[in-house]
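Taking it in order: structure first as structure tokens, then the write-up.
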Amino acid sequence: MQNKEASQITNDEYSEDGIYNPVSEPLGESLSISQQARMASAPPYLDGLNDEQRKAILTIEGPLLVLAGAGTGKTRVLTTRITHILVTGKARPSEILSVTFTNKAAREMKHRIGSLMGGVVEGMPWLGTFHSICVKLLRRHAELVGLKSNFTILDTDDQIRLLKQIIEAEDIDAKKWTPRGLAALIDGWKNRALTPDQVPQGDAMIFANGRGAELYELYQSRLKILNAVDFGDLLMEAIRLLRENDDILHKYRNQFKYILVDEYQDTNVAQYLWLRLLARNDGNICCVGDDDQSIYGWRGAEVDNILRFEKDFISSTVIRLEHNYRSTQHILNAASHLIAHNEERLGKTLRPDAKDGEKVTVSNVWDSVEEARSIGEDIERRQRDGICLNEMAILVRTSSQMREFEDRFVTMAIPYRVIGGPRFYERMEIRDALAYFRAVLQPADDLAFERIVNTPKRGLGNATLGILRSHARSEQIPLMAATAELVDTEEVKPKPRKTLRDLLESFARWRSQIDTLKHTELAEIILEESGYTEMWQRDKSIEAQGRLDNLKELIRSMDGFENMQGFLEHISLVLDSESQADEAKVNIMTLHSAKGLEFDVVYLSGWEEGLFPSQRSLDENGRAGLEEERRLAYVGITRAKKQAKIYFANNRRIHGMWQSTTPSRFVDELPAKDVAVIDASNSNNYNQAISRFAAHDMKFGGSYSTPGWQRAKQKKPTQAKREPQILEGNLIASSSEEALDFMLGERIFHQKFGYGKIIQIDGNKLSIDFEKAGSKKVVASFVEKV
DNA sequence: GATCCATTTGTTTTT
DNA sequence: CAAATGGATC
């Protein structure tokens with residue numbers, strides 16, 4: 001029954017109300033006879049897979065959770081599973097919904113499915129990021145959620161500028177209540193799929209004295225007028241579309257016979273609800289993830305989604321992939337031992353493929369300068385041993401740590417590349433250029449128009465713009481239309497009037513050329529005639545040339561699209577800077593951007609209290625924050641194939657001030673038997689590396705009596721006045737019960753933020769309106785009664 | 001309207 | 001010690 005015809009008979013499998021009634025093989029743990037038979041004469045794509053992996057691929061009926069530890073072949077399972085579904089004819093490409101978080105992951109999956117299927121496959125139209133799939137749904141059915149199908153997608157920058165306008169228009173002090181803060185709040189609500197009227201009272205209280213929800217609503221109505229959505233809306237509106245339109249919901253439910261979700265531990269509430277709408281709770285949904293690698297809680301990810309899977313989906317199967325093909329024994333032991341300190345986890349044991357290998361090293365250095373030097377020298381040593389620079393990476397907690405390495409590597413002439421950083425489409429020149437294109441194609445795109453109306457400088461300042469804005473608002477028309485009306489009046493001073501008239505003429509001209517010119521040519525003309533290119537040509541700063549290059553690159557990337565419209569529809573979601581991976585270079589990146597990557601040698605820099613775990617995480621999220629930091633450490637260690645090298649410095653410059661630091665608690669959480677302590681004193685006899693592991697390391701020869709480590713340890717009590725340590729004590733001890741002692745409206749004191757009033761209690765988290773610092777969410781244990 | 005200086009504020013990042 | 005604001009000045 002695995003042929004194309006069978007897969008088309010969808011209605012037989014559904015009762016009238018759309019409930020899925022599987023008629024084929026039984027669900028559950030054991031493989032059916034047909035599956036076993038298939039395994040006997042296993043198809044080539046199953047070659048070289050272990051038992052768990054095969055089971056994860058072949059168990060295609062019913063809900064399945066695959067807990068895939070680091071380096072266990074997660075992507076391979078996912079892609080082979082899709083291949084299996086296609087090859088056996090269970091579904092056609094358009095009947096498989098497969099979601100990832102990043103475009104990169106989606107691209108890689110498409111690529112790998114292609115090679116598994118052996119050559120050309122009919123594209124997978126529903127393989128993509130949550131956001132791009134939602135865009136696809138919304139463009140098809142835009143009118144059902146009050147949009148036009150050519151709606152614009154605003155990025156964070158547009159979003160913040162829009163919010164700023166709203167805040168100012170509402171006469172709220174934008175200094176105390178920043179647009180950025182409101183954006184974060186609204187994002188948080190959207191991550192939880194809350195519409196303005198669903199925002200909890202207390203939540204709304206923490207912005208502008210309770211006007212949070214009201215501003216959110218204003219923002220939403222403003223977006224509708226602009227025919228725009230922000231990233232959060234893509235999910236929200238898609239949910240609304242499916243909830244409010246039964247026919248559409250059923251159409252897609254029936255269409256998607258198989259659903260696959262990558263990185264399930266990173267899904268937020270909105271994404272979860274979206275999935276629940278499309279998958280029945282006994283449907284064929286396969287979620288792959290690793291609770292130990294959930295590091296995006298601060299951006300709305302709910303680890304709880306993965307922890308709850310078995311309760312959410314009835315008669316679900318859970319498969320653990322524990323066979324690690326990446327790292328050596330010592331590295332895995334170190335990572336496992338560390339992560340075992342977390343309480344909230346499903347638990348997995350990683351088994352190595354390769355035995356032994358080198359121990360994880362811990363090095364103590366005097367300061368960040370020495371750290372960079374020491375790592376630099378080690379890199380040179382490894383390079384001489386024949387390891388390629390591409391196979392080495394330095395992982396840092398915060399991007400501010402990167403500079404030190406860059407400086408050092410420049411002087412040492414070690415080629416490096418920084419991964420992460422501003423993305424291609426976030427660069428100023430790209431966004432400016434896109435704003436021009438948007439304004440040409442969509443005259444009602446106020447945000448685009450406003451962005452470029454005075455870029456390059458045309459002598460149009462706040463005064464003129466203010467006139468335009470207020471006219472637009474009073475007439476309820478877009479800015480560009482308002483401008484058109486005003487250039488024929490005396491409202492605007494003669495000089496700017498002429499400028500604006502010229503600008504409008506240019507736009508009209510460009511618009512008239514849309515159909516006659518090739519879109520790439522038109523793009524060039526727009527940038528040329530607007531004076532934008534010239535602006536950068538005149539600019540003598542170092543970056544100017546790079547910006548011009550980026551603009552050329554932008555035009556080149558337009559070539560792949562039919563027309564400018566098509567280009568703009570996809571650009572905000574898809575365009576990214578595919579950095580050159582050609583030459584051999586050491587990689588420098590944050591721990592976050594390292595997820596999913598692997599290297600022979602990994603240098604883990606800055607394992608110091610306050611930096612890693614980050615003080616702020618601890619302050620704001622208490623134990624959950626600490627556990628997320630620990631998962632970050634776990635992610636860091638498990639990136640290493642052959643060698644993981646941990647460093648901590650005694651002194652580090654924080655906000656420009658040198659501060660002495662203590663080793664991260666994570667260092668203490670490593671298993672001594674898998675760790676070697678490196679004596680850095682051979683390169684700097686001022687300082688000696690040390691540790692409590694001294695006893696274990698005697699045989700390796702070293703001087704291990706007192707120095708930094710013990711001194712560092714002793715520093716803790718004497719440093720008790722400094723926030724970190726005190727807080728830590730409380731933090732671990734505190735639990736939700738303690739928070740119950742507080743009452744709404746109570747006046748309290750916080751070490752960092754001063755006096756304030758409690759406006760909301762949420763477990764052990766308090767929302768407080770501070771007299772000086774504005775509203776903050778803090779952990780109850782940091783707060784004192786007064 | 002543009003430019004310069006002072007003040008402030010500092011994670012992590014995808015879409 | 002930066003970068004990124006914002007206000008004050010030209």
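Basis for what follows: all heavy atoms, side chains included, without hydrogens, waters or symmetry-related copies. Computed from a predicted model, the values in this text were never measured in an experiment.
- Going from the C1' atom of B:dT14 to that of C:dA3 covers 23 Å, rounded to whole Å.
- Scanning DNA chain C 5' to 3' for nucleotides with an atom closer than 4.0 angstrom to a non-hydrogen atom of chain A gives a first and last hit of C:dC1 to C:dG7.
- With its ring centre under 5.5 Å from that of the base six-membered ring and a plane angle below 30°, A:W298 counts as stacked on B:dT12.
- Among residues two or more places apart in sequence or in another chain, the ring-ring contact (aromatic ring centres under 6.0 Å, His included) test is passed with A:Y647 by none.
- Residue contacts shown for A:T590 are limited to sugar-phosphate atoms, with no base heavy atom under 4.0 Å away.
- Within 4.0 Å of A:T464, counting heavy atoms only, lie sugar-phosphate atoms of the nucleic acid but no base atom.
- Checked against the 6.0 Å centroid threshold, A:H592 and A:Y296 count as a close aromatic pair.
- Side-chain N/O atoms of A:N454 include one lying less than 4.0 angstrom from OP1 or OP2 on B:dA2.
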Going through the checks in order, is the salt bridge (charged side-chain N to carboxylate O under 4.0 Å, His left out) test met by A:R623 and A:E627? CA-CA 6 Å; A:R623 217 196 63 204; A:E627 295 211 343; 3.8 Å; yes

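- Contacts of A:W126 classified as side chain to side chain donor-acceptor pair (under 3.5 Å), with partners at least two apart in sequence or in another chain: none.
- A:G656 comes within 4.0 angstrom of a base, heavy atoms only.
- Between A:R652 and A:E371, the closest side-chain pair of non-hydrogen atoms falls below 4.5 Å.
- When ring centroids are compared, A:Y272 and A:W274 stay outside the 6.0 Å threshold.
- Using a 4.0 Å heavy-atom distance criterion, A:T156 is classed as a base contact.
- B:dT11 and C:dG6 have their C1' atoms separated by 24 Å, given to the nearest Å.
- A:Q271 comes within contact range of no nucleotide atom at all, as no heavy-atom separation falls under 4.0 Å.
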